[in-house]
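Take a look at the structure below.
Keep in mind that this is a model prediction, so the values were computed, not measured.
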Amino acid sequence: MKISFWSNVRHAAGVTANMACISVLISLGRMGRSVLLENHYSVNGIGDILLASEKIGRLRECGEYLNHYGIEYVLKRLYSGEAGDKLLHQAVIPLFFSSLNYLPQGRIVNKEVFNYEFSLVQEELFLLLESASDYVFIDTEPNQNLSSSLILSEADLIVVNLDQNPVHLKDFFSNYDSIQEKAVYLIGRYRPEAFWNISRICKEYHIARNKIGVIPYNMEMEESMLQGHLLQFLNRNYYKAADQESDYLLRYGKKAAQMIRKNILLLRREEQEKKQECTVHTDASCLSIPRVL
């Protein structure tokens, strides 16, 4: 399943942080295997949040090992016709045993070249990733560039990251009808005391409660992300939170992860039912064809 994390505004909704948080919680909850990637360069990307600074520095060095590591390597090999689990195994960074992997960026090509190469072999890339994991989480750039448009059109589920700014909310629900058809919603850095809280947003924009979740603002989590220690922070607090603020965060973060997972399972069930219907119709058509003696 391809799950795109996206927002109509940059930085305000915390798309990358929300995706990292949800994917870690899914892994800690033993809900399946995930792989994470971005379709764009970012100053504070997934790796910055989940990997310590020395590992990030190594990824961004110029060196021969980068030719056999990361998404740039995978894109070039797929374009050359190579495929298989071995290719992916060489390129990903395991973050949480075998249940959470990150396909990093080495930044050895410029943004325009990366976007072009990504769009050329996007279909093959996602087939490979889906064969090796239950969830493919894509941090998708807000700009409607070529690869972002393709990802949003082909994603099984789009997690639209909202903030509590009424201007941003109105912009999304007024201008992105096509995305709303397969969207669930996540409010990042959530503040319950704000005027536009989850109840008001649901009421104003007719969002079902089983399609929206929140990631509450938490200062300690923000600091852990700056140090590349988000996984350690969530792991440390997952079963028994250190304080009330962390307990509040984990409670609602787990609910949000379950909400997203339930919607994914619903999509899978609908997909299986459609396949069964097609099989029945095909068999019936075959039976109706008269035999020629």
Side-chain angles (χ1 to χ4, degrees), residues 3 5 7 11-36 44-56 93-102 133-135 137 139 159-164 184-202 207 209-265:
I3 304 98
F5 275 65
S7 178
H11 309 304
V15 176
T16 305
N18 292 344
M19 191 180 89
C21 188
I22 291 295
S23 62
V24 170
L25 291 173
I26 282 176
S27 292
L28 290 172
R30 302 181 187 279
M31 301 179 206
R33 299 169 300 161
S34 304
V35 62
L36 316 178
N44 294 305
I46 299 167
D48 298 272
I49 293 172
L50 293 173
L51 295 169
S53 57
E54 61 271 13
K55 291 184 179 180
I56 287 295
I93 298 175
L95 297 172
F96 189 71
F97 302 108
S98 60
S99 66
L100 183 61
N101 292 289
Y102 170 47
S133 58
D134 301 301
Y135 315 104
F137 291 115
D139 180 355
V159 181
V160 176
N161 294 257
L162 304 173
D163 66 351
Q164 292 168 276
V184 297
Y185 302 94
L186 195 58
I187 307 173
R189 300 188 179 106
Y190 179 70
R191 295 171 292 111
E193 72 279 3
F195 181 79
W196 284 92
N197 57 28
I198 188 171
S199 297
R200 186 173 294 277
I201 292 171
C202 288
I207 302 173
R209 281 302 185 103
N210 65 346
K211 288 186 175 293
I212 189 168
V214 303
I215 301 292
Y217 174 79
N218 181 283
M219 185 179 293
E220 189 177 352
M221 185 176 79
E222 294 281 332
E223 292 176 351
S224 72
M225 289 191 291
L226 290 173
Q227 299 168 3
H229 293 156
L230 176 64
L231 197 156
Q232 292 87 337
F233 168 77
L234 293 174
N235 188 34
R236 189 168 63 248
N237 288 281
Y238 189 83
Y239 293 105
K240 186 177 181 180
D243 49 50
Q244 288 185 346
E245 289 79 9
S246 296
D247 179 69
Y248 179 69
L249 166 69
L250 266 295
R251 209 158 14 100
Y252 282 92
K254 289 176 183 178
K255 286 181 180 179
Q258 286 283 3
M259 178 273 293
I260 291 170
R261 180 174 180 267
K262 285 177 181 177
N263 278 279
I264 292 170
L265 293 177

Could you check whether any side-chain heavy atom of L28 comes within less than 4.5 Å of a side-chain heavy atom of Y239, counting everything from C-beta outward? no
Indicate yes or no: at least one non-hydrogen side-chain atom of Y102 is less than 4.5 angstrom from one of L50. no
Spell out, as yes or no, whether a donor-acceptor pair under 3.5 Å connects the side chain of K255 to the backbone of V214. no
Do you know the tightest heavy-atom contact between A241 and S246? CB-C, 3.8 Å
Do I187 and I212 come close enough that some side-chain heavy atom pair is under 4.5 Å? yes
M259 vs N210, side-chain contact (heavy atoms from CB on, under 4.5 Å): CA-CA, chis, key distance, verdict: CA-CA 6 Å; M259 178 273 293; N210 65 346; 5.6 Å; no
Counting distance only, does the side-chain N/O of S27 pair as donor-acceptor with the main-chain N or O of S23 below 3.5 Å? yes
Within the 4.5 Å heavy-atom criterion, are F96 and V24 side-chain neighbours or not? no
When every non-hydrogen atom of I198 is compared with those of Y190, the smallest separation belongs to N-OH, 3.1 Å
Would you say CZ of R209 has more than 12 non-hydrogen atoms from neighbouring residues, nucleotides or ligands within 6.0 angstrom? yes
Within the side chain of Q164, is there an N or O that forms a donor-acceptor pair under 3.5 Å with the backbone of A194? no
Roughly how far, to the nearest 0.5 Å, is CG of N101 from CZ of R33? 9.0 Å
Let me confirm one number: the CD1-CG distance from I260 to N18, rounded to the nearest 0.5 Å. 8.5 Å
dist L51:CG -> L230:CG (nearest 0.5 Å) comes out at 11.0 Å
Rounded to the nearest 0.5 Å, how far apart are CD of E223 and CE of M219? 6.5 Å
CD (Q227) and CD (Q232) are apart, to the nearest 0.5 Å, by 10.0 Å
Checking the side chain of S7 only, and the main-chain atoms of N161 only, is there a donor and an acceptor separated by less than 3.5 Å? yes
Any side-chain heavy atom of L231 within less than 4.5 Å of one from L100? yes
What's the spacing between I3 CD1 and I26 CD1 if we round to 0.5 Å? 7.0 Å
On a heavy-atom basis, which atom in R189 and which in A12 lie closest, and how many Å separate them? NH1-O, 3.6 Å
Check whether any side-chain heavy atom of Y135 sits under 4.5 Å from a side-chain heavy atom of I22, and report yes or no. no
Any non-hydrogen side-chain atom of I215 less than 4.5 Å from a side-chain atom of M221? yes
Is there a side-chain contact between Y217 and E222 in this structure, where contact means two heavy atoms from C-beta onward sitting under 4.5 Å apart? yes
Heavy-atom neighbours of F97 CZ exceed 12 at 6.0 Å: no
Restricting to non-hydrogen atoms, name the atom on N218 and the atom on E245 that form the minimum distance, rounded to 0.1 Å. ND2-O, 3.4 Å
To check you understand the geometry: which heavy-atom pair defines the closest contact between L25 and M31, and what is its length? O-CE, 4.2 Å
